[in-house]
Amino acid sequence: MQLTLEFGGGLELLCDSEKIHKVNVDLPNGADDLTMKHLLSWVRTNLIKERPEMFMKGDTVRPGVLVLVNDCDWELSGQLDTTIEDKDVIVFISTLHGG
Amino acid sequence: MEASSEIIRELEELKLKKAEIEHRISSLKAKLQETAAAAERCDAVSNGYSYPMAAAAIEHGLGHGLSPDQIYRYSRQLLLPSFGVEGQASLLKSSVLVIGAGGLGSPALLYLAACGVGRLGIIDHDVVELNNMHRQIIHTEAFIGHPKVKSAAAACRSINSTIKIDEYLEALRTSNALEILSQYDIIVDATDNPPSRYMISDCCVLLGKPLVSGAALGMEGQLTVYNHKGGPCYRCLFPTPPPTTACQRCSDSGVLGVVPGVIGCLQALETVKLASMVGEPLTERMLLFDALSARIRIVKIRGKSSLCTVCGDNSSFNKQQFKDFDYEDFTQFPLSAGPLNLLPTESRISSKEFKEILQKKEPHVLLDVRPCHHYKIVSLPDSLNIPLANLEARLNELSSALKEKEDGHVNTGSCTNPSLYVVCRRGNDSQRAVQYLRESGFDSAKDIIGGLEAWAADVNPNFPTY
Ligand SMILES: [Zn+2]
């Protein structure tokens, strides 16, 4: 399925400094739908080029990273269990502290 | 040398005096205008056109309490149907504390002072530096070396001499935060580090104050309102602090001046909306600003978390716990970091010793491990730039540079091996590099203590720092 993945707040540095990635992600074998859990491991394998610990901790994102599915905090849609659909836009953004 | 430092000192003093006199002039001018206007009104009374200030409000039954001067000063806001005299009256009765008079605080303070927040508190413990000026637009060159609070307060007063301005020339700590924040209706977080952000949010929860939080770095900014009308607090969103390596500072990563400017202006705007009770505050939503791609995205974020350790249903977090809480330890982000000390003395040399090595023309390779965009700003002559992050992959370049020096030296008849010196900006990364290099068989590697900053301070005062 066609997805738009965006990285911000410095996370883009982990994937060749490219902020927007238009990607095609296949459903995992035997699964009926794509969850954020699967997408995260897909991103880690296919897009993250360096320091994966700056993106993930365990099977989820590291502390300080907000995940937005179609401009909505993934906490509101079930975090790792959130179901992703074709043409969805998923944003990974690291919180900033500077001023 | 001494004569010139004397001149510089006197110049600094005169500049400060000049700024103080200018401030005095502008507040006297404002006062004169007020007196003249009042006199005019008194004159007009005898002609039956108008009434003195207090009487006017009574005679016309003006319940909002704005004086004629205030009506005139804020008229363009009063003319807004959605803001109006009620909005302005609320604003004039409100009090706002801006924490940090830096890149975010500068525009926020200027607008909050200008638009008529009744009482404005400013807290900052820092002094104005030349490398602040590109973004901290509230400060002027005359205040370089002087407290930001003094500079910011003078600027606010020169814009609006009719509001009350409180100056706190101190760092915000758990010991003074409750006392200071409790005096204000709305808190603006314009700080630049994780421990302050957690501390301010926790304090706002304890005191029940809305928090207008902004952040900016590089080419991006973020903005939201915490702890307001059932919305989340900072900890609801970020229960666990990020790893220290994910917490970049503007002084290390850089920031385009106008980026915190945009976010600071939006912080002022959200504050005005809260204080005047107009519009929809940016609560349970976050604004993400990407300057490079000219994109602003407003996303929906979670509400208050019932499990939050500070604002949640079962939280027992209280003022005493707040006072005892170690935010620097919690975030693993020391606010006054001492220099790193990784290496034994024999693996290090001072910048002065390195100067002697240069003078004696001892064979050596100078390795500069800063990122290449730093190296482009300024570097020592005849240095080899391999950024720390790429060192492992580019060790062969280092080996061949050393080999070259060796060969070159063989021709002159001596046979000592060339030494390897490592330098960076402040002397931390150079130690990490030397540690790694020694583990990888480069036994002669030594770091230059204090990096290029020490070189500028102790050897060559004309060497640019940044
Ligand atoms: Zn909370």
Side-chain angles (χ1 to χ4, degrees), chain A residues 3-22 36 44 48-82 84 88-99, chain B residues 99-100 102-106 135 189-197 214-218 220-222 232 234 236-243 245-255 259-260 263-264 267 284-286 288 290 292-293 295 297-303 305 331 333 389:
Chain A
L3 300 174
T4 303
L5 307 181
E6 294 196 29
F7 297 82
L11 290 179
E12 71 278 6
L13 299 174
L14 307 178
C15 23
D16 291 334
S17 296
E18 219 32 79
K19 280 190 167 159
I20 301 178
H21 300 253
K22 303 250 181 214
M36 274 305 299
R44 184 182 171 146
I48 303 292
K49 300 287 161 59
E50 55 180 285
R51 295 175 288 159
E53 74 282 2
M54 293 295 285
F55 180 62
M56 285 182 76
K57 189 177 180 191
D59 65 351
T60 189
V61 291
R62 69 150 166 86
V65 172
L66 286 179
V67 182
L68 306 156
V69 179
N70 300 324
D71 285 346
C72 193
D73 190 348
W74 76 337
E75 282 281 334
L76 300 167
S77 54
Q79 278 198 353
L80 289 168
D81 298 326
T82 309
I84 303 298
D88 276 355
V89 178
I90 296 109
V91 177
F92 302 97
I93 194 141
S94 176
T95 174
L96 304 176
H97 306 94
Chain B
I99 307 172
L104 299 165
S106 287
R135 68 185 191 284
D189 183 346
T191 62
D192 62 358
N193 62 80
S196 299
R197 291 184 182 278
L217 186 79
E220 286 180 76
Q222 297 170 356
Y234 191 67
C236 292
L237 214 54
F238 305 109
T240 312
T245 40
C247 301
Q248 307 283 349
R249 299 173 193 247
C250 293
S251 56
D252 294 326
S253 306
V255 62
V259 174
I263 300 296
Q267 283 183 282
E284 291 184 48
R285 291 182 294 157
M286 183 179 275
L288 308 170
D290 180 356
L292 266 195
S293 60
R295 245 189 281 258
R297 166 175 242 143
I298 291 159
V299 300
K300 178 149 182 49
I301 55 174
R302 69 202 74 169
S305 160
T331 54
F333 193 98

Q | Straight-line distance of Glu6(A) CD to Ser293(B) OG, nearest 0.5 Å | A | 8.0 Å
Q) Which one of Cys247(B), Gly218(B), Gly303(B) has the most heavy-atom pairs closer than 4.5 Å to chain A? A) Cys247(B)
Q) Given a strict heavy-atom distance threshold of 4.5 Å, which part of Leu288(B) is in contact with chain A: side chain, backbone, both, or neither? A) side chain
Q: Measure the shortest side-chain to side-chain distance between Asp71(A) and Arg285(B) over non-hydrogen atoms and say whether it is less than 4.5 angstrom.
A: no
**Q.** Value rounded to 0.5 Å, distance of CD in Gln248(B) from CG in Leu96(A)
**A.** 10.0 Å
Q. What distance separates Glu220(B) CD from Ser94(A) OG, expressed to the nearest 0.5 Å?
A. 9.0 Å
Q. At a heavy-atom separation under 4.5 Å, does Asp290(B) approach chain A through its side chain, its backbone, both, or neither?
A. side chain
**Q.** Portion of Arg135(B) that has a non-hydrogen atom of chain A nearer than 4.5 angstrom
**A.** side chain
(Q) Does any backbone or side-chain atom of Lys57(A) lie under 4.5 Å from a heavy atom of chain B? Answer side chain, backbone, both or neither. (A) neither
Q: Tell me, with the steps shown, if Asn70(A) and Lys300(B) meet side-chain contact (heavy atoms from CB on, under 4.5 Å).
A: CA-CA 9 Å; Asn70(A) 300 324; Lys300(B) 178 149 182 49; over 6 Å; no
Q) Which bit of Phe333(B) is near chain A, if near means a heavy-atom gap under 4.5 Å: side chain, backbone, both or neither? A) neither
**Q.** Max heavy-atom pair count under 4.5 Å with chain A, selected residue of Ala246(B), Gly105(B), Pro194(B), Gly102(B)
**A.** Pro194(B)
**Q.** Cys250(B) versus chain A, the contacting section by heavy-atom distance below 4.5 Å
**A.** side chain
Q: Would you name the heavy atoms of Pro241(B) and Pro63(A) that are closest together and state the gap between them?
A: O-CB, 3.5 Å
Q.
So, taking the atom named CE in Met286(B) and the one named OG1 in Thr95(A), what distance separates them when rounded to the nearest 0.5 Å?
A. 6.0 Å
Q: Heavy-atom distances under 4.5 Å only: say whether Ile93(A) touches chain B with side chain, backbone, both or neither.
A: side chain
Q: To the nearest 0.5 Å, tell me how far Arg62(A) CZ sits from Thr240(B) OG1.
A: 11.5 Å
(Q) Taking side chain as everything from C-beta outward and backbone as N, CA, C, O, which of these in Arg249(B) sits under 4.5 Å from a heavy atom of chain A? Side chain, backbone, both or neither. (A) neither
Q: Mind checking the CD-NE2 spacing from Gln222(B) to His97(A)? Nearest 0.5 Å is all I need.
A: 8.5 Å
Q.
Under 4.5 Å from any heavy atom of chain A, what part of Pro239(B) do you find: side chain, backbone, both or neither?
A. neither
